[in-house]
Amino acid sequence: MTVVTRFAPSPTGFLHIGGGRTALFNWLYAKRHGGKMLLRIEDTDRERSTDAAIEAILDGLKWLGLDWDGDVVYQFSRAARHKEVAESLLAEGRAYYCYATPQELEEMRETARREGRPSRYDGRWRDRDPAEAPEGVKPVIRLKAPTEGETVVEDAVQGRVVWQNKDLDDLVLLRSDGTPTYMLAVVVDDHDMDVTHVIRGDDHLTNAARQTQIYKALGWDVPQMAHVPLIHGPDGAKLSKRHGALGVEAYRSLGYLPEALRNYLVRLGWSHGDQEIFSTEELIQAFDLSSIGRSPARFDFAKLENLNGHYMRQADDAYLVEAIEGLLPELGDERGLGRTFPPALKQKLVAAMPGLKERAKTLVELLDSAYYLYAQRPLKLDEKAQSLLGDGRARLDGIPAKLRAVTDWSAAGVEAVVREHAEAIGAKLGQVAQPLRAALTGRATSPGLFDVMAVLGKDETLSRLEDQLSNAPAA
RNA sequence: GCGCCCUUCGUCUAGCGGUCUAGGACGUUGCCCUUUCACGGCAAAAACACGGGUUCGAGUCCCGUAGGGCGCGCCA
C-alpha cells in the first residue's frame, strides 16, 4: 500500500508557522515512504474562505519548497458527495434529522454550563418521530453516535487515546442548508482520496475521536493518525501575531532562507539523536513519526537565526545575491536601490559575498552589510564609524598619496602599503585599519578591509577617502 | 465545568529501569585566533515540576498534586 498524506489548510488566513511545519511533516513522511502528499483546501466555510488566503497558502508552500502531488482539491466542490454520504447514513439509521434551533442549542449549552455539566447536545431528536418536526425549521443531520463503550484512537504520536462514548455527543454532519460540516467532509475526502496517514496538529485530537465514529458508522477503515503538538510563542502562550504566528511569507521578508526555516521547523517536535543540521536528503531518510515528541515547543528566533547564518555561510555566492535581489521589491526603496541590481553592482556583490556572508544572520543583514558597495558618495557614516574616524583621522595622513602610487591594486598589494604606513607612523595595524574602514564603508564592521578595497577599486577607494579626509571633523 | 494531552538546562532536545557524577544544540559568560565584526576553537554556568508508590535499583513504570495546552459550534 502506498503512503498517501495530505495537508489540509482552511483558507481563512495565511499559512502560519505551525501549518508550515505540519505541511513539512506530511511532505517528509510521504517522501520517506515513496508516497504522495496531497493538498486539499478546506473551504466549506463559505463566509470566511478567501481567494487571497488560498493564494497566500500556495505561495507559502512553494516558497518553503514543499510541493504536492496532483491537483489541489477544493473541498467545497465535493459538497454533493458529502451530502450523499450523510443521506446514506440517514437511510441506514446511523444518522437522524435534528430540528433543534440555534437558540435552543445555545440555551442547552448555557444551562449545562451553569449546572456544571458538560456542554453537549442532549440528543433530543435522536429517537423522536420526524412527524413531530416543527413547521418551517430546516433540520440538520446528526450522527447517531454510540452512547456506550469507548472510542479509541491509536495515534502514531500520542499513543492509544481513549474516550468514553458517553462524553461524546451527536455531531452535525450536514447543515440545514445542505452543506457538509468539516467533520463529515474530512472523513469523506480522506477516504475518497485514499489518504493513509493523517498528520496534523494536536488541536485535532478530539476531532480524531469524533471522526473515528463517523468512519465506523460508514464501515470505512480509519487512516493512521498522527497528532503533533502545537508550537507556542516564546512566552509559552498561544502563538500570536506578536511573535511566531506570522505567515511564512513574513519569514521570507525577514530574510530567512527556506532551507533554514525547514531545518528549524523540523527540529521543533522531532529529533534524530543529537543531529541538528540536516540536508533535505538526510531529512527524508531520517524522518519518522515515532520520533515526534508529545510536548509543545516554543518558537525561538535566536535559534532560527543561528541556523539561517549557517545556511547562508554554506550557500553559493550567486544564489545569495539572487536571494537578496528577491527582497528588493520590499526593501530596495528605503535603501536607495531599485527593484533589481544593476549588472555592475551584481558583480561586485558576488565578488564580496564570501566576506559578507560570514557576518550576516539574515538576508536583510546581508543586504545592509553590503551598503558600502551600493552607497552613493559621500558616504553617510553611522555612529560607530564616525567616532572611529574622528579618533583616527590623523593616522590616515599620507595614506591617499601612498595608495595612489599603487600599481598592483589587489588585496595583497594594498595590504602591503597600509601595513607599511602603520609601521612608519608607529601605529598598530588596527589603529590605521579601523578609521580607514570607517571612511570606506561607513561602518565599524565589514569584511576584511583589503578585500573591501580590492572590490571597490582604486578610483572609488581614493574618492571615498578624499570625501572623508577633506571634510573638517564635525564639531 | 467536562474530556483529552503535556511537564529534562532560559529555549529546542537526547534519554526508551542500571552505562546519568543527566549528553548535544541555540542563547549567555570567559579565553584563544584576529585589521573590525563575524566565523572557528576551548572552557564555564545552567535542567529531570512536586509528593507518594512499584523495584535490589526510577529522569525512565504507576497514582496523585500543581502548572500549562487543546477541545467542548449548523468554524475548520
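Throughout, a chain's letter reflects where its sequence line sits, starting with A, and its residues are numbered from 1.
No engagement by A:Lys428 is indicated, since no non-hydrogen atom pair under 4.0 Å with the nucleic acid exists. Counting any heavy atom pair closer than 4.0 Å across all strands shown, A:Leu268 reaches sugar-phosphate atoms only and no base atom. A:Ala100 comes within contact range of at least one nucleobase, with a heavy-atom separation under 4.0 Å. Backbone-only engagement by A:Val162 is indicated by non-hydrogen atom pairs under 4.0 Å involving sugar-phosphate atoms exclusively. At the heavy-atom level, A:Phe450 lies under 4.0 Å from base atoms of the strands shown. Within 4.0 Å of A:Val161, counting heavy atoms only, lie sugar-phosphate atoms of the nucleic acid but no base atom.
In the region residues 41-55 of chain A, proximity to RNA chain B at under 4.0 angstrom, judged on heavy atoms, holds for A:Glu42, A:Thr44, A:Asp45, A:Arg48.
Here B:rC70 is the nucleotide among B:rU13, B:rC5, B:rC70 with the atom lying nearest to any side-chain atom of A:Asp203. Taking the side chain of A:Trp163 as heavy atoms from C-beta on, and the options B:rC12, B:rA76, B:rG3, the nearest nucleotide is B:rG3. Residue A:Ala302 has its side chain nearest to B:rC26 when only B:rA76, B:rU11, B:rC26 are considered.
A sub-4.0 Å separation between OP1 or OP2 of B:rC37 and a side-chain N or O of A:Arg443 is absent. Put simply, A:Arg109 has a side-chain N or O that comes within less than 4.0 Å of OP1 or OP2 on B:rC74.
Donor-acceptor pairing under 3.5 Å, judged by distance alone, is absent between the side chain of A:Arg298 and the base of B:rU11.
Judged as a side chain to side chain contact (heavy atoms under 4.5 Å, CB included), and not counting sequence neighbours, the contacts of A:Ala52 are A:Thr50.
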